[in-house]
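Only one structure is covered here, and it is reproduced in the block below.
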Amino acid sequence: MTLPYSTVDRSWDVIVAGGGTAGAMAGIAAARTGARVLVVEAQGSLGGTGTNAWVTPLMRNVSGGENLNRGLTDDLKARLAARGDGATDPGGNDNWFNPEGMKVVLEHMLLESGGEVLYHTHVVQPVLDGDRIAALVVHNKGGLQALRAAAFIDATGDADVAALSGVPMRGGDEDGVHQAMSLRFTLAGVDTARLCAFLREHGQWQDSPQFLHFWMVWGKGSTLEPVFRQAISAGVLLERDGDYFQGFSVPGRPGEISFNCPRIRPDLHDGADPWQLSAAQVDGREAIDRLTAFCRAFLPGCQSAFIGVIAPMVGIRESRRIIGDYTLTLEDILDCARFDDSICRNHYPVDIHSVRGGERLLHDREGSAPYFAKDAYHEIPFRCLVPVGVQNLLVPGRAASSTFEAQSSIRVQQNCHSMGEAAGIAAAWAAASHRGHVRRVPTDDLRHELRRRGGVV
Ligand SMILES: Cc1cc2nc3c(=O)[nH]c(=O)nc-3n(C[C@H](O)[C@H](O)[C@H](O)COP(=O)(O)OP(=O)(O)OC[C@H]3O[C@@H](n4cnc5c(N)ncnc54)[C@H](O)[C@@H]3O)c2cc1C
């Protein structure tokens with residue numbers, strides 16, 4: 001039989017499908033472990049949702065005042081800060097960053113570690129040999145080609161490789177309804193000093209014009225709600241434009257505000273459905289035009305603002321999630337569960353952006369569960385990255401094995417970094433010593449190695 005693809009002459013120890021938030025870190029960590037690594041990325045830069053979907057800043061993940069994600073994340077933050085693309089605010093939050101700078105930094109980190117990258121290339125099909133993946137078929141300008149490795153990491157966010165390998169999946173809540181998608185954008189040409197003064201006058205506390213953060217969500221007591229009502233009466237905004245509105249400053253980009261919105265139409269919630277994904281891009285761009293008109297007309301300081309960026313990637317909070325050797329639950333989070341094979345600590349709230357309206361946010365200041373203590377955290381076990389039924393594959397990032405509620409907490413970027421770092425080291429070891437079998441990696445040694453690299457485990 002003639003296969004419809006050619007097999008590339010070379011092979012690698014580890015291939016990472018998707019060089020996004022988790023995948024870039026996985027590639028860097030595997031390369032620093034001595035593996036021959038190839039990162040295959042659909043877009044033209046690394047960083048995924050953190051760069052191409054323009055999701056900034058990193059959400060804080062602290063316990064007892066200490067960052068829980070260190071290791072490679074510290075290296076990334078230091079490099080961003082050194083080039084003016086990362087910043088620490090007066091409150092000590094070191095998570096502000098410029099996505100365009102992050103693209104450059106991640107690429108340096110991968111290449112200087114000896115890793116390789118293949119951009120503008122989609123992974124389309126695994127080639128299975130029993131319960132192992134032998135190769136990934138990719139599509140790019142060269143047509144269809146098979147790339148071989150001993151171990152694979154699926155960091156596509158949507159678990160494309162795992163799904164196509166027959167790994168059982170979950171998706172969405174109990175009704176299969178996913179979290180809302182958003183298409184992020186920026187406005188440039190903003191007089192941030194004027195905007196800051198307006199926000200302060202309108203009861204939205206601001207640190208300084210360099211670190212603006214403002215928001216409006218219907219029914220959550222935002223002081224901007226009356227302004228939104230006016231804009232709807234004036235026909236500038238639609239009611240749903242107020243389902244979620246949030247703006248942030250961006251280091252290294254004076255006069256520019258990054259918006260964590262618009263939220264995409266509620267019937268378009270499945271980011272793994274290509275038709276919905278495409279329609280979301282269209283819906284988002286229309287909403288960005290409305291929000292731009294709103295800001296110009298109703299927010300002082302934005303009169304001369306113009307669209308700086310429309311993210312090339314729709315922001316997908318949750319789509320497919322693998323069923324792995326362990327499934328993290330809401331109870332694990334609230335009870336501060338500990339695991340022998342823990343690779344990451346998390347204290348971010350359960351944060352569900354529901355297409356049914358509003359946001360369900362369990363904050364660390366509410367409730368009586370152990371997780372609500374200031375110095376609490378739960379752990380994420382390595383087994384959440386190990387998909388059922390395949391021996392040489394790991395799945396770090398937002399598609400790791402978890403319930404809908406648990407995923408909404410662990411999905412933030414810094415946890416994806418930590419999961420990616422652990423997956424990279426483990427895949428490199430699996431390739432070197434265990435013919436790619438990830439379940440044979442000694443997790444005590446993995447934890448020790450993560451700690452040696454500065455990780456909090
Ligand atoms: C709108 C929105 C706002 C958010 N807000 C915050 C926030 O403020 N702070 C925070 O910390 N977190 C936030 N998050 C969560 C966080 O950004 C994501 O959960 C996280 O970045 C996901 O990382 P990942 O590695 O799993 O996926 P991604 O970063 O999306 O990486 C997946 C990568 O795989 C590539 N890819 C996909 N399919 C293929 C394929 N078949 N072949 C080749 N490449 C492929 C993609 O191009 C991408 O580069 C937000 C998320 C969204 C969507």
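Start at 1 and go down the list; that is how both ligands and their atoms are numbered. Numbers here simply count residues along the sequence, with the first being 1.
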Return the residue, atom name and 0.1 Å-rounded distance of the protein heavy atom closest to [atom].
atom	result
atom 28 (P) of ligand 1	Thr49 OG1, 3.4 Å
atom 12 (N) of ligand 1	Gln413 N, 3.5 Å
atom 19 (O) of ligand 1	Arg411 O, 2.6 Å
atom 4 (C) of ligand 1	Val55 CG1, 3.4 Å
atom 26 (O) of ligand 1	Arg398 N, 2.9 Å
atom 3 (C) of ligand 1	Asn260 OD1, 3.4 Å
atom 32 (C) of ligand 1	Ala155 O, 3.2 Å
atom 46 (C) of ligand 1	Glu41 OE2, 3.6 Å

Would the distance check show the side chain of [X] and the main-chain N or O of [Y] forming a donor-acceptor pair, the cut-off being under 3.5 Å?
X	Y	result
Ser401	Tyr326	yes
Arg184	Ala311	no
Arg411	Ser408	yes
His213	Phe248	no
Arg83	Gly252	no
Ser222	Trp218	no
Asp175	Val177	no
Tyr371	His347	yes

Selected option - heavy-atom contact closest to atom 40 (C) of ligand 1, from Leu46, Asn52, Thr21, Val123: Val123

Minimum distance, heavy atoms only, to atom 39 (C) of ligand 1: which one of Val161, Asn61, Thr156, Ile410 is it? Thr156

Output the list of atoms in ligand 1 that are nearer than 4.0 Å to some heavy atom of [X], sorted by atom number.
X	value
Gly48	29 (O), 48 (C), 49 (O)
Gln43	47 (O)
Ala42	43 (C), 44 (N), 45 (C)
Gly397	26 (O)
Gly20	29 (O), 31 (O), 33 (C), 49 (O)
Ile316	53 (C)
Gly315	53 (C)
Ala22	25 (O)

Given that the side chain starts at C-beta and the backbone is N, CA, C, O, which of these parts of [X] lies under 4.0 Å from ligand 1, counting heavy atoms, or is it both or neither?
X	value
Thr56	neither
Val40	backbone
Thr121	backbone
Asp160	side chain

Does [X], backbone or side chain, put an N or O under 3.5 Å from an N or O of ligand 1?
X	result
Met313	no
Val412	no
Met59	yes
Arg317	no
Ser182	no

Taking the side chain as C-beta and beyond, is there a heavy-atom pair between Asp173 and Glu405 under 4.5 Å?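 No - every pair of side-chain heavy atoms lies 4.5 Å or more apart.
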
What do you reckon, does Pro396 put a non-hydrogen atom under 4.0 Å from ligand 1? no

Test item, Cys416 contacting ligand 1 (heavy atom, 4.0 angstrom): yes

Quickly, which of Leu136, Asp160, Val16, Asp154 forms a side chain to side chain contact (heavy atoms under 4.5 Å, CB included) with Val123? Name it, please. Leu136

Using side chain to side chain contact (heavy atoms under 4.5 Å, CB included) as the criterion, point out the one residue from Leu446, Ile343, Val441 that pairs with Ile425. Leu446

So how far is it from Asn67 CG to Thr73 OG1, rounded to the nearest 0.5 Å?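 It is 9.0 Å, given to the nearest 0.5 Å.
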
Under a 4.0 Å N-O cut-off, is there an ion pair linking Lys103 with Glu107? no

Note: Asp13-Arg36 ion pair, threshold 4.0 Å (strictly below):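 Result for this pair is yes, salt bridge flagged.
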
Using side chain to side chain donor-acceptor pair (under 3.5 Å), reason through Ser418 and Arg345 one step at a time and then give a plain yes or no. CA-CA 9 Å; Ser418 299; Arg345 293 180 183 174; over 6 Å; no

is_close_aromatic(Phe382, Phe339), centroid dist under 6.0 Å: no

Over all heavy atoms of both residues, which pair between Leu277 and Met181 is shortest? Give the atoms and the distance, please.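 Taking every non-hydrogen atom into account, CD1-SD, 4.4 Å.
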
